[in-house]
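Down below is the structure, laid out as structure tokens.
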Amino acid sequence: MLWVLEQALYGGVKAIQLREKDLDGKQLFLLAEKVRALCARYRAALFINDRIDVARAVGADGVQLGSTSLPIETARELLGADRMIGASTHSVEEAREAERRGADFVLFGPVYFTPTKAAYGAPQGLAALKKIVENIALPVYAIGGIKPENVGAVVVAGVKGVALISAVIGAIDPKLAAETILKFLERS
């Protein structure tokens, strides 16, 4: 995994979200230390999914919180004002609530089908994404099934950026995959 992450960073990725729910605290911390060093080398941000303790311990740039995470206000108290808090959302109501509670940005999706987000229900689609962008002031990042062939349509919906997994991790050449996605983002 570290090789893939480094290739993605070398390809221009600006942020990594470490989301390893199957690791215990110590294993996640040890991995996060290595990923933090990689991110520092490439001047990229590191976000830890759900684990505020690990984020603080490794000096991550912030956390990504879901519906079963600690409340955003509590996370802010623990992290301080200088760390970013992202909130995973699946509706306008959830996005507004995240904004009201003090999130710095939201991830919305899944926009398209992806196996990693299948448990969160059917894909939301571009109309729902556009509705989120139009109804909150926070930066919105699209997630779920983002690939080179659909990134342009996602950007047209008004997002700040995209978050993705399989398009890079599942690629034979993760560096090239990251570069390709970034080119499509820049063109859009």
Side-chain angles (χ1 to χ4, degrees), residues 1-90 94-95 97-109 116-117 120 136-144 146 159-171 174-175 177-179 181-182 185-186:
M1 182 174 74
L2 291 173
W3 178 83
V4 170
L5 292 178
E6 184 162 20
Q7 291 300 301
L9 291 164
Y10 186 52
V13 166
K14 302 295 182 208
I16 299 286
Q17 180 192 148
L18 188 57
R19 185 177 185 262
E20 292 294 327
K21 295 183 177 193
D22 295 333
L23 297 181
D24 63 36
K26 182 178 181 179
Q27 291 172 321
L28 181 60
F29 168 75
L30 294 172
L31 178 59
E33 281 187 314
K34 293 174 184 169
V35 176
R36 179 79 211 132
L38 274 177
C39 287
R41 188 174 327 138
Y42 290 91
R43 296 188 179 123
L46 172 62
F47 294 88
I48 306 295
N49 189 74
D50 207 35
R51 294 293 303 265
I52 296 165
D53 57 336
V54 174
R56 286 188 56 166
V58 301
D61 298 282
V63 294
Q64 180 67 30
L65 302 177
S67 61
T68 60
S69 302
L70 285 175
I72 293 169
E73 301 91 339
T74 304
R76 178 66 67 208
E77 287 175 25
L78 294 169
L79 287 171
D82 62 329
R83 306 291 172 172
M84 303 270 304
I85 297 176
S88 297
T89 63
H90 305 91
E94 287 179 9
E97 183 70 7
E99 182 175 44
R100 188 183 69 70
R101 292 179 169 270
D104 295 297
F105 62 92
V106 299
L107 265 66
F108 174 76
T116 59
K117 299 290 179 192
Y120 297 102
I136 66 169
L138 296 178
V140 177
Y141 293 84
I143 191 166
I146 310 298
V159 297
K160 174 77 173 171
V162 298
L164 45 87
I165 300 170
S166 60
V168 173
I169 288 182
K175 177 183 172 285
E179 290 172 339
I181 294 274
L182 288 168
L185 281 171
E186 290 168 5

- Query: Checking side-chain contact (heavy atoms from CB on, under 4.5 Å) for the pair Leu79/Met84: CA distance, chi angles, key distance, verdict?
  - Reply: CA-CA 8 Å; Leu79 287 171; Met84 303 270 304; over 6 Å; no

- Donor-acceptor pair, Ser69 side chain versus Asp50 backbone, under 3.5 Å? no

- Expected output: side-chain Arg83 to main-chain Ala60 donor-acceptor under 3.5 Å: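 Checking the backbone N and O of Ala60 against the side chain of Arg83, a donor-acceptor pair under 3.5 Å is found.
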
Got [X] and [Y] here, is their nearest side-chain heavy-atom distance under 4.5 Å?
{"X": "Arg76", "Y": "Ile85", "value": "yes"}
{"X": "Leu18", "Y": "Leu46", "value": "yes"}
{"X": "Leu30", "Y": "Lys34", "value": "no"}
{"X": "Glu97", "Y": "Arg100", "value": "yes"}
{"X": "Glu6", "Y": "Lys175", "value": "no"}
{"X": "Leu65", "Y": "Ile72", "value": "yes"}
{"X": "Asp53", "Y": "Ile48", "value": "no"}
{"X": "Val35", "Y": "Ile16", "value": "yes"}

- Is the CZ atom of Phe29 crowded by more than 12 outside heavy atoms at less than 6.0 Å?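 Correct, the count exceeds 12.
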
- Message: Show, in sequence, the C-alpha distance, side-chain angles and deciding distance for Lys21 and Asn49, and conclude whether the side-chain contact (heavy atoms from CB on, under 4.5 Å) test is met.
- Response: CA-CA 8 Å; Lys21 295 183 177 193; Asn49 189 74; 3.5 Å; yes

- Stepwise, does the ring pair (Phe, Tyr, Trp, His ring centres under 6.0 Å) test hold for Tyr141 with Phe105? CA-CA 8 Å; Tyr141 293 84; Phe105 62 92; 5.6 Å; yes

Measure the spacing between [atom1] of [X] and [atom2] of [Y] and express it to the nearest 0.5 Å.
{"X": "Glu20", "Y": "Leu28", "atom1": "CD", "atom2": "CG", "answer": "7.5 Å"}
{"X": "Lys14", "Y": "Leu185", "atom1": "NZ", "atom2": "CG", "answer": "11.5 Å"}
{"X": "Asp61", "Y": "Phe47", "atom1": "CG", "atom2": "CZ", "answer": "5.5 Å"}
{"X": "Gln27", "Y": "Asp22", "atom1": "CD", "atom2": "CG", "answer": "9.5 Å"}
{"X": "Arg101", "Y": "Thr74", "atom1": "CZ", "atom2": "OG1", "answer": "8.5 Å"}

- Query: If we ignore angles and hydrogens, is there a donor and acceptor under 3.5 Å between the side chains of Gln64 and Ser88?
  - Reply: yes

- Query: Between Val13 and Glu179, is a side-chain contact (heavy atoms from CB on, under 4.5 Å) present by the stated rule, with each step listed?
  - Reply: CA-CA 8 Å; Val13 166; Glu179 290 172 339; over 6 Å; no

- Show the numbers, then the answer: is there a side-chain contact (heavy atoms from CB on, under 4.5 Å) between Leu38 and Leu9? CA-CA 8 Å; Leu38 274 177; Leu9 291 164; 4.0 Å; yes

